[in-house]
Amino acid sequence: MSKPVRVRFAPSPTGPLHIGGVRTALFNYLFAKKHNGVFFLRIEDTDQNRFVPGAEQYIFEALDWLGIAPSETVGKNEKYGPYRQSERKAIYKQYADQLIASGNAYYAFDTAEALDLHRKQHEDQGKTFIYNWHNREKLDTSLVLLKEETEKRIAVGEDFVIRFKTPVDETLHLHDIIRGDIQFETNLLDDKVLFKSDGMPTYHLANIVDDHLMETSHVIRGEEWLPSMPLHVLLYRSFEWEAPEFAHLPLILKPIGNGKLSKRDGDKLGFPVFPLEWTTAEGVSSGYRENGFFPEAVINFLALLGWNDGTDKELFSLDELVEAFDLNRVHKSGAKFDPDKNKWFNHQYLQKQSNESLANSFLPILNNKGISIPKEKLVRIVSLIKERAHFVSEFWEMSDFFFEAPMSYDEKASKNWKEDTPALMGQLIEILKSIEDFNSINIETIIKNWMTQNEIGMGKVMQPFRLSLVGALKGPHLFDIVELIGKQESINRLENAIKML
């Protein structure tokens with residue numbers, strides 16, 4: 001690296017942070033940490049018409065929850081502050097004026113109505129209107145006005161914009177870390193607006209000026225910004241600044257078919273596309289946090305959307321991702337989002353949690369149901385059920401029989417209740433009554449000895465026994481259930497099943 005690594009995530013506070021934006025932040029974070037650099041966050045809020053209250057705080061909260069908070073941002077280590085573009089407003093005008101002075105930009109006074117008319121005339125001729133080299137000297141610009149006339153129109157308050165003067169007849173040979181060498185023909189580019197008459201810069205000018213002043217070494221962003229790359233490189237050249245290196249990340253695609261992953265896909269297929277829940281007047285959009293995902297699982301899953309380390313390894317801690325991350329191993333093509341794989345990652349991380357930690361997460365669910373249980377017992381229950389769970393929210397459905405006797409019995413499983421079953425269950429009750437050391441191993445040994453001595457088939461006892469205790473043929477090891485619900489409760493459930501079935 002020729003200079004210290006400084007990379008940024010620069011979202012606009014126009015709504016909740018999409019999972020694609022989270023991945024962009026993650027790849028910037030990993031790259032910075034890998035090279036002992038700085039990951040900073042800049043809020044790009046120059047478009048005040050699209051500003052959404054609460055969106056900025058949402059961004060910070062989401063990155064904090066995921067464990068990839070920036071080193072520098074609004075209110076934190078503001079070495080190159082401010083870190084909100086709206087608070088940097090006074091900075092940009094001088095750079096727009098500098099481009100005017102060097103002949104790399106010009107004033108344009110065209111009204112919206114005039115531009116609409118030009119577009120319509122072009123459409124009528126089957127053409128597309130592009131504001132660039134071929135017509136900029138025929139339109140209402142400072143390129144065809146005397147300097148005095150231009151100054152007079154600005155002085156009287158006439159609306160104008162400042163446009164970039166794109167070079168003519170040039171082939172740009174650019175390099176992208178992910179996509180390699182790319183060519184752009186300048187004659188096909190339009191003269192983008194850089195500065196508006198309301199005193200605010202457009203994204204293009206503010207982005208370039210801020211990246212330069214904040215000493216950004218690499219711009220790692222989504223591929224939707226690839227068409228802006230030639231303009232941004234030309235702006236750096238016009239200012240005689242060294243451009244950062246660019247890397248454009250592939251899109252995250254829909255689970256079915258092509259196209260960029262959207263909120264609608266999540267709503268339709270039942271998975272979140274935002275890290276945290278987002279509420280508007282129209283309703284609530286679910287988030288990964290509220291859906292019970294572990295932040296580490298979300299990070300791991302996102303890292304492998306469009307990147308791998310060249311091996312078959314799938315489970316990475318954040319530190320391992322930092323160690324392995326390489327922009328040269330990011331794929332060019334889009335990465336298909338797989339909700340089932342997402343859940344698989346959460347399952348893996350759930351298994352890594354301690355039983356005590358999972359019990360603490362399960363406790364509020366039980367409290368809401370008015371159920372009180374000793375902590376040690378809950379830890380044991382969690383240890384028996386977690387292997388099949390993807391989320392803590394599934395624990396209740398998987399373990400309700402530990403806390404409540406069944407009120408009904410699975411119809412299909414009830415076919416295991418035969419004519420001689422009540423008598424066998426009656427004998428089983430007497431055996432349970434006689435057991436003093438009421439632990440899983442001892443209970444299992446005594447009951448299996450009774451079945452062996454009396455030549456009773458396993459299925460004739462074990463399935464009706466489980467059905468009586470659970471209400472279905474599900475759950476962990478049967479004798480662990482018996483021990484945990486206790487002797488009297490086991491007997492009560494067997495007696496109830498004899499009456500009901």
Side-chain angles (χ1 to χ4, degrees), residues 3-18 20-96 98 194-196 198-222 225 228 232 235-236 239 241-247 249 274-276 278:
K3 55 184 179 180
V5 167
R6 285 182 56 83
V7 294
R8 49 56 166 191
F9 179 50
S12 298
T14 55
L17 185 58
H18 187 274
V22 174
R23 188 193 60 173
T24 299
L26 172 62
F27 281 19
N28 275 278
Y29 177 93
L30 296 176
F31 185 79
K33 298 300 179 187
K34 169 84 175 191
H35 298 286
N36 297 313
V38 172
F39 167 59
F40 68 93
L41 186 146
R42 182 175 68 232
I43 296 292
E44 301 205 334
D45 58 347
T46 53
D47 190 347
Q48 291 293 298
N49 293 326
R50 296 178 63 222
F51 176 79
V52 174
E56 181 182 307
Q57 186 55 41
Y58 179 100
I59 293 164
F60 294 130
E61 189 178 341
L63 297 185
D64 280 343
W65 176 68
L66 289 161
I68 54 171
S71 302
E72 299 171 12
T73 189
V74 178
K76 180 182 179 182
N77 301 327
E78 292 199 47
K79 184 179 178 183
Y80 297 92
Y83 282 74
R84 280 192 200 95
Q85 282 189 336
S86 59
E87 295 172 8
R88 300 171 65 84
K89 181 178 171 182
I91 296 172
Y92 306 115
K93 181 65 165 64
Q94 62 178 301
Y95 290 101
Q98 188 177 322
L194 301 178
F195 202 81
K196 299 173 285 186
D198 64 1
M200 290 300 280
T202 61
Y203 166 81
H204 300 291
L205 179 65
N207 181 278
I208 295 309
V209 169
D210 288 345
D211 277 345
H212 171 70
L213 296 179
M214 294 179 167
E215 299 185 6
T216 304
S217 64
H218 297 73
V219 171
I220 305 166
R221 59 190 181 185
W225 293 110
S228 299
H232 293 177
L235 279 167
Y236 277 103
F239 284 121
W241 296 337
E242 182 185 354
E245 293 187 57
F246 288 88
L249 307 175
F274 302 131
L276 314 179
W278 178 257

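Positions are given from 1, in the same order as the sequence printed here.
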**Message:** Please find the pair of heavy atoms, one from Pro275 and one from Tyr58, that lie closest to each other, and give the distance.
**Reply:** CD-OH, 3.5 Å
**Spatial distance of atom OH (Tyr203) from atom CD1 (Ile208) [nearest 0.5 Å]** = 7.5 Å
**Message:** Testing the basics here: between Ile220 and Thr24, what is the closest heavy-atom pair and its distance to 0.1 Å?
**Reply:** O-CG2, 3.6 Å
**Asked** Rounded to the nearest 0.5 Å, what separation is found between the CZ atom of Arg8 and the CZ atom of Arg221?
**Response** 6.5 Å
**Exam field: side chain Thr46 to backbone Thr202, donor-acceptor pair closer than 3.5 Å** = no
**Request:** Might you point out which heavy atoms bring Asp64 and Ala69 nearest each other, and give the distance in Å?
**Result:** OD1-CB, 3.1 Å
**Message:** Determine whether a donor-acceptor pair (N or O, by modelled atom type, separation under 3.5 Å) exists between the side chain of Ser217 and the backbone of Arg6.
**Reply:** yes
**Request:** Take Arg42 and Met214, measure what side chain to side chain contact (heavy atoms under 4.5 Å, CB included) needs, and give me the verdict at the end.
**Result:** CA-CA 10 Å; Arg42 182 175 68 232; Met214 294 179 167; 3.5 Å; yes
**Asked** What closest approach, in Å, do Leu235 and Leu194 show between heavy atoms, and which atom pair accounts for it?
**Response** CD2-CD1, 4.0 Å
**Asked** Would a distance-only check, ignoring hydrogens and angles, find a side-chain to backbone donor-acceptor pair under 3.5 Å from His18 to Gly20?
**Response** yes
**Item:** Ring center gap for Phe239 and His212 short of 6.0 angstrom
**Value:** no
**Asked** Side chains of Leu41 and Pro11: closer than 4.5 Å at any heavy-atom pair?
**Response** yes
**Request:** For residues His218 and Pro244, determine if any side-chain heavy atom of one lies less than 4.5 Å from a side-chain heavy atom of the other.
**Result:** no
**Prompt:** Asn28 side chain to Phe9 main-chain N or O, any donor-acceptor pair under 3.5 Å?
**Reply:** no
**Message:** Using 0.5 Å steps for rounding, measure from the CZ atom of Phe60 to the OG1 atom of Thr73.
**Reply:** 3.5 Å
**Asked** Can you tell me if Asp210 and Tyr92 form a side-chain donor-acceptor pair at under 3.5 Å?
**Response** yes
**Prompt:** Considering the options Arg84, Arg50, Glu87, which one meets the side-chain contact (heavy atoms from CB on, under 4.5 Å) requirement together with Asp45?
**Reply:** Arg84
**Item:** Side-chain donor or acceptor of Gln57 paired with backbone N/O of Gly54 under 3.5 Å
**Value:** no
**Asked** If you take all heavy atoms of Tyr29 and Gly67, which pair is closest and at what distance?
**Response** OH-O, 3.8 Å
**Asked** How about Glu215 and Tyr80: does a side-chain donor come under 3.5 Å of a side-chain acceptor?
**Response** yes
**Message:** Is the shortest side-chain heavy-atom distance between Gln94 and Val209 below 4.5 Å?
**Reply:** no
**Fill in**
Here the pair of heavy atoms bringing Pro13 nearest to Glu56 is CB-N, 3.9 Å
**Prompt:** With a 4.5 Å limit on heavy-atom distance, are the side chains of Tyr95 and Gln98 in contact?
**Reply:** yes
**Fill in**
The reported gap from CH2 in Trp225 to CG in Asn207 (rounded to nearest 0.5 angstrom) is 7.5 Å
**Prompt:** Is the ring centre of His232 less than 6.0 Å from the ring centre of Tyr236?
**Reply:** no
**Asked** Any side-chain donor paired with an acceptor under 3.5 Å for Tyr83 and Glu72?
**Response** yes
**Complete:** Output for pair (Leu276 CG, Leu17 CG), nearest 0.5 Å, gives 8.5 Å
**Asked** Got a second to check how far Gln85's CD is from Ser12's OG, nearest 0.5 Å?
**Response** 7.5 Å
